[in-house]
Each structure stands twice: as C-alpha cells, then as structure tokens.
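Below is one structure, written out as structure tokens; comments come after it.
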Amino acid sequence: MTVPGRPDQALPVIAGGLGKKYRRGWALRETSLVIPKNRIVALVGPNGAGKSTLMGLITGLLRPTTGGITVFGDRPTGKGLHPAVSYLAQQKPLYHGFTVTETLTFGARTNPTWDQRYAEYLVEQAAVPMNAKVATLSGGQRTRVALALALGKRPGLLLLDEPLADLDPLARETVLRALITEAKTQGITVVLSSHVLAELEGVCDHLVLLHKGRVLLAGDVGRLGAGGTPLGELALNHMRAAAQEEAA
Amino acid sequence: MIRVSWRLQRLQLITLLGLLVAGAGAVVLLRSTMLGDITSSQLTRCVTQALEQCDAPDAAAKAFQTAWTTPLNMGQAAILGLPALIGVFIGAPLFARELEQGTHVLAFTQSVSRTRWMSSKLVVALVPALIVLIALQYLVSWWLSAAGTLGPRMSGPFSALNFGIENVSPVGYALFAFALGTFLGAVTRRTLVAMTAGLGAFIVVRFALSGLVNRLVPIQRLEVAPATNTDVLQNGSLVLDEGWLDAVGQPVSADRVSAVTQACKTTPSGVGTPESQQQFLACLPKSGLAKRYADFIPASQAWQVHLVDVAIFGGLAVLLVAGTAWALRRQN
C-alpha cells in the first residue's frame with residue numbers, strides 16, 4: 001500500500017516521538033526511528049530495553065501511548081496486521097494440535113499473498129516431517145516451521161523477536177544462515193531482536209541499540225563502524241555511557 | 001478461515017456429534033419403552049384425555065407417573081441445562097484458550113482482520129451447537145408428547161420446566177450463554193475464570209429475567225360474578241394476578257377482601273346450608289366486592305411469550321458479541 005509520489009511514506013517503519021507506557025512504567029520513550037528498505041536490522045538491547053514493545057507497536061498488537069508510527073505508510077491498528085508484514089513472536093506461537101501440513105494450510109487460508117511451494121520448500125530445507133504434529137517437534141524444528149509460516153506470506157518486512165533464543169549454537173547458525181539467504185534473495189527487510197549483539201554481528205547491516213526504552217544508537221553498520229571500533233565495543237561503550245549518565 | 005476454525009473446533013464437534021447420537025438413542029429407546037408401558041397398562045386414552053374421563057384401571061395412572069416422571073423430568077432438565085453447557089464448554093474457551101496460550105498472536109499477525117477471525121470462530125463454534133440443541137429439543141419434545149397429559153405437559157406451557165424447553169426459548173438461552181462465555185473469555189483471557197464466571201452469571205441472569213417476559217406480553221383480564229368459577233386457573237394459562245374488584249372496577253386490597261368475606265360468613269341462617277351460601281354471595285357485592293377478576297396469558301398465547309423471551313436473550317447476546325469484538329480489537 002505505497003503512496004505514489006511520496007516514496008518516503010513507503011519506508012518499512014517510520015516512528016516519531018513514539019512512547020509506550022504500561023501500568024508498571026514506561027517501556028519505550030520518545031523513540032524516533034527509521035528502518036530503511038532491504039536491510040537486516042539488529043534490534044539489540046539488554047532485557048527490558050523495549051525490543052518486544054517496539055515490535056508490538058510495529059505490528060499493531062500494542063497501541064502507542066505517545067507519538068506515532070507508520071508501517072509502509074500505514075498506521076498499525078487493532079484491525080489486523082499490515083499485509084506486507086510478518087511477525088514471529090518470541091514464544092513462536094503455533095497451534096500444537098496441528099500437523100506441519102495443517103499449519104501451512106492455515107497460512108494459506110489466512111494470507112492472500114501465500115506461496116505454498118516456497119513454504120513447503122522452507123520446511124523441506126529444515127528437514128521437518130510434514131505430517132508431524134507441531135507439539136512433537138523440537139524447539140529448532142518449531143522455529144523453522146514458524147519461520148516458514150512467516151516467510152510463506154512473502155512479506156516486505158519480517159519481524160523476528162528473539163528468534164534464536166531457544167536454539168542450540170548449531171541450530172542458530174543454520175537458522176540464521178537460511179534466514180539471511182532468503183532475505184537477501186527476496187529483498188526483505190528483516191528486523192531481528194536479541195540481547196546478545198555478538199550473535200548478530202556480521203549478519204546485520206543496520207543496528208538499532210535500545211537501552212531502558214530509548215534509542216542509544218541507530219544506523220547502517222558501515223557508517224557506525226567507520227571509526228574502526230568493532231560494533232560490539234561501540235554498543236557497549238554507548239550502554240556504559242548511558243548507565244553512567246543515569247548514575248550521575 | 002472457516003476451514004481453519006473447523007480444524008480448531010474438531011474436538012468439540014466430535015463431542016457434540018457424540019452427544020447427539022447418545023441423546024437420540026436414549027430418547028428413542030426410552031420413548032418406545034414408555035409407549036409399551038402405556039399400552040400394557042391400558043392408559044392409551046389417558047394420553048389425550050383428562051384422567052377422570054379416560055376410564056383407566058385404578059392406580060395404573062399413578063403407577064405410570066411414579067415410574068416415568070423422573071426420566072421425563074430428566075429429559076427436560078437436559079434441554080434446560082444444555083444452553084449453560086454450550087456457554088461453559090464451547091463459548092468460554094473459544095477465545096480464552098487462544099489468548100491464554102498466545103496463539104491469538106499467530107492469528108492476529110496473518111492477513112486476516114481480527115473481526116473476520118472472530119466471526120468465523122463464532123459461527124463454526126455456535127452453529128453446530130445450536131443444531132444439536134434444536135435436534136435434542138425436538139426429540140425430547142417428541143418423547144414428552146407421547147406421554148401427553150400423563151406426563152409433565154399436564155402442568156401447562158408456562159410451568160418453569162415446560163416453558164424453558166419449548167419453542168425458541170432454548171435457542172435464545174443458548175445464544176446468550178454462548179455470547180456470555182465468549183465475552184468473558186475475551187475480557188478475562190482466562191479459560192477457567194470465563195467458564196465459572198460465565199456459568200454463574202448465566203444462571204443469575206436467567207432467573208432474574210424469567211419474570212420479565214410476562215410483563216411484555218399483552219395480558220387478558222377476565223371478570224366474573226362472585227359465584228362463577230374461573231377455569232383459567234386450571235387450563236394451563238399463566239395467571240399473573242387475581243382478586244376482587246369493587247363496584248367502580250377498582251381492585252380491592254387483599255386485607256379488605258379477607259375482612260369482608262369473614263364478615264359475610266356470619267350469616268343469619270347458620271353455616272353450610274344452601275341458604276347460607278346464597279346469603280354469603282349476596283352479602284359480598286353489598287360490602288363492595290362486586291366481581292372477581294384474573295389477569296392471565298392464555299396457553300394459546302405461549303408462543304408470544306417465547307418470542308419475547310428469545311428477543312430479550314438474543315438482544316443480550318448481540319450486545320455481548322459487540323463487546324467481544326471490542327475486547328479483541330482493543331490494543332493493549
């Protein structure tokens with residue numbers, strides 16, 4: 001749903017003064033952020049930094065307390081997700097009673113842009129048996145099925161909330177590599193959240209560093225790393241500075 | 001989306017089908033046994049005629065009623081209770097389970113609007129439940145009519161057990177119980193809370209509103225002279241009010257009525273003689289009790305009361321569905 005003549009409106013995510021307050025306090029404050037097209041974005045920050053909240057706001061599952069956000073030019077509402085956006089929540093929700101085939105059928109029935117062959121191909125790549133019940137799959141297999149469901153929709157923006165959290169190191173590498181290959185070949189903007197920057201270093205080409213509900217650092221990795229400081233150290237420095245500022 | 005909802009409701013659908021088959025089998029079996037009993041104790045004519053006119057063998061009717069009242073009442077209770085069960089076991093978990101397990105996020109992040117997701121789930125859960133309810137209601141009604149006036153039908157269409165299982169009323173209760181369960185499930189996001197609170201609220205509302213319908217249907221008034229009997233009291237009509245009217249047609253208070261009748265009973269010609277009865281009846285109008293009256297809804301108008309009943313509970317159900325849509329589209 002791009003607005004012709006206003007190409008800036010069609011950017012995956014534009015947030016201005018975005019804030020979200022829960023009963024327990026602010027989870028995200030005055031966040032202004034642009035996520036450009038065709039990037040692999042690392043959304044990094046310690047636990048409770050507001051990563052999931054930011055994703056919730058992009059999907060429309062949450063409503064901003066202050067400010068505004070547009071996703072491909074549209075404001076997310078409670079009606080439903082933008083058709084060009086796929087979201088994989090941290091818990092990787094799937095119907096446990098469904099088989100893998102039924103899960104893909106679910107994707108086909110609920111998404112007009114569904115690509116069944118592509119989704120099946122992704123499941124085959126992961127060597128997950130099609131007739132197995134989701135409840136019987138391992139954590140890694142479940143992630144791969146959830147990923148196939150998210151990618152089968154052929155999204156323009158893919159949001160993955162801690163996609164690697166419950167995977168072993170080997171599975172992390174395979175999942176990540178599969179994901180990057182797909183993103184690069186399909187031209188998808190991917191936003192990956194993690195509290196460990198190390199696991200995304202070398203994969204992402206855009207970084208958003210969140211700390212206590214604020215953006216500490218955002219930009220293309222090439223530009224951020226121009227000073228010669230490794231990305232991890234740069235992020236750590238910023239977080240230390242923020243912590244000192246608070247203490248002062 | 002409908003296909004997906006079918007798949008998610010599969011277990012409930014199988015349970016419903018099992019319930020229908022078991023219920024139908026039980027009713028068919030019980031009905032044929034009962035018909036055998038009626039024939040063997042020569043009560044066939046008493047099914048359609050009043051007990052005094054059908055010259056049945058002594059004690060046969062009594063024995064039949066002792067044997068069959070409980071099973072028949074249980075059949076009625078099943079239809080009376082089924083709406084509550086639909087609300088608790090089909091309505092309450094419908095959204096609460098998804099919200100509890102987080103699978104709503106899966107549905108909310110596909111390209112289907114939340115409203116469409118909600119409506120397809122509602123339809124797929126509700127329609128089969130209503131079909132099973134109506135089928136079982138019809139079967140129990142078929143069984144009850146085989147017992148005729150020997151069975152619970154004798155107490156008229158307005159008795160609590162009879163009214164609640166006839167016509168469109170069970171559908172109205174089921175719609176309400178189901179909508180109440182889904183609404184509480186969507187708001188509380190807890191299956192168990194929705195089930196228990198839904199059951200409690202349904203029972204309270206069901207009883208609280210049971211008297212309301214009678215006030216929304218046109219009432220007929222019968223006025224008779226003191227000596228005549230009003231048969232509306234026996235023919236199955238719903239009597240809402242009865243008493244005495246004075247010469248101007250105003251109702252007389254119960255205290256005054258008992259004082260006057262007490263005063264009129266002390267007649268000059270003693271007690272219990274035909275003359276005393278005459279004098280008693282002549283005394284009443286003189287003391288201000290001109291006529292007896294009864295406000296009632298005739299048994300033949302029962303369908304109107306059922307329509308009002310279904311309108312009330314169906315209306316509440318519509319409000320609750322709107323509330324559910326609001327709760328589901330709300331962003332935290």
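These numbers come from the heavy atoms of this one structure, side chains and all, not from hydrogens, waters or symmetry mates. Proteins get letters first, then strands, A, B, ... in listed order; numbering begins at 1 in each.
Heavy-atom distances place the side chain of B:E98, and not its backbone, under 4.5 Å from chain A.
Salt-bridge formation is detected for the pair A:E102/B:R7: a Lys NZ or Arg NE/NH1/NH2 atom is positioned less than 4.0 Å from an Asp or Glu carboxylate oxygen.
Judged by the 6.0 Å distance and 45° axis criteria, B:R330 is positioned over the aromatic ring of B:W326.
When every heavy atom of B:L184 is checked against every heavy atom of B:A197, the shortest pair comes out as CD1-C, 3.8 Å.
For chain A, the option among B:T115, B:L8, B:V105 with the highest count of heavy-atom pairs below 4.5 Å is B:L8. The most heavy-atom pairs under 4.5 Å with chain B, out of A:T110, A:L159, A:T105, come from A:T110.
How far NZ of A:K92 is from CZ of A:R142: 10.0 Å, rounded to the nearest 0.5 Å.
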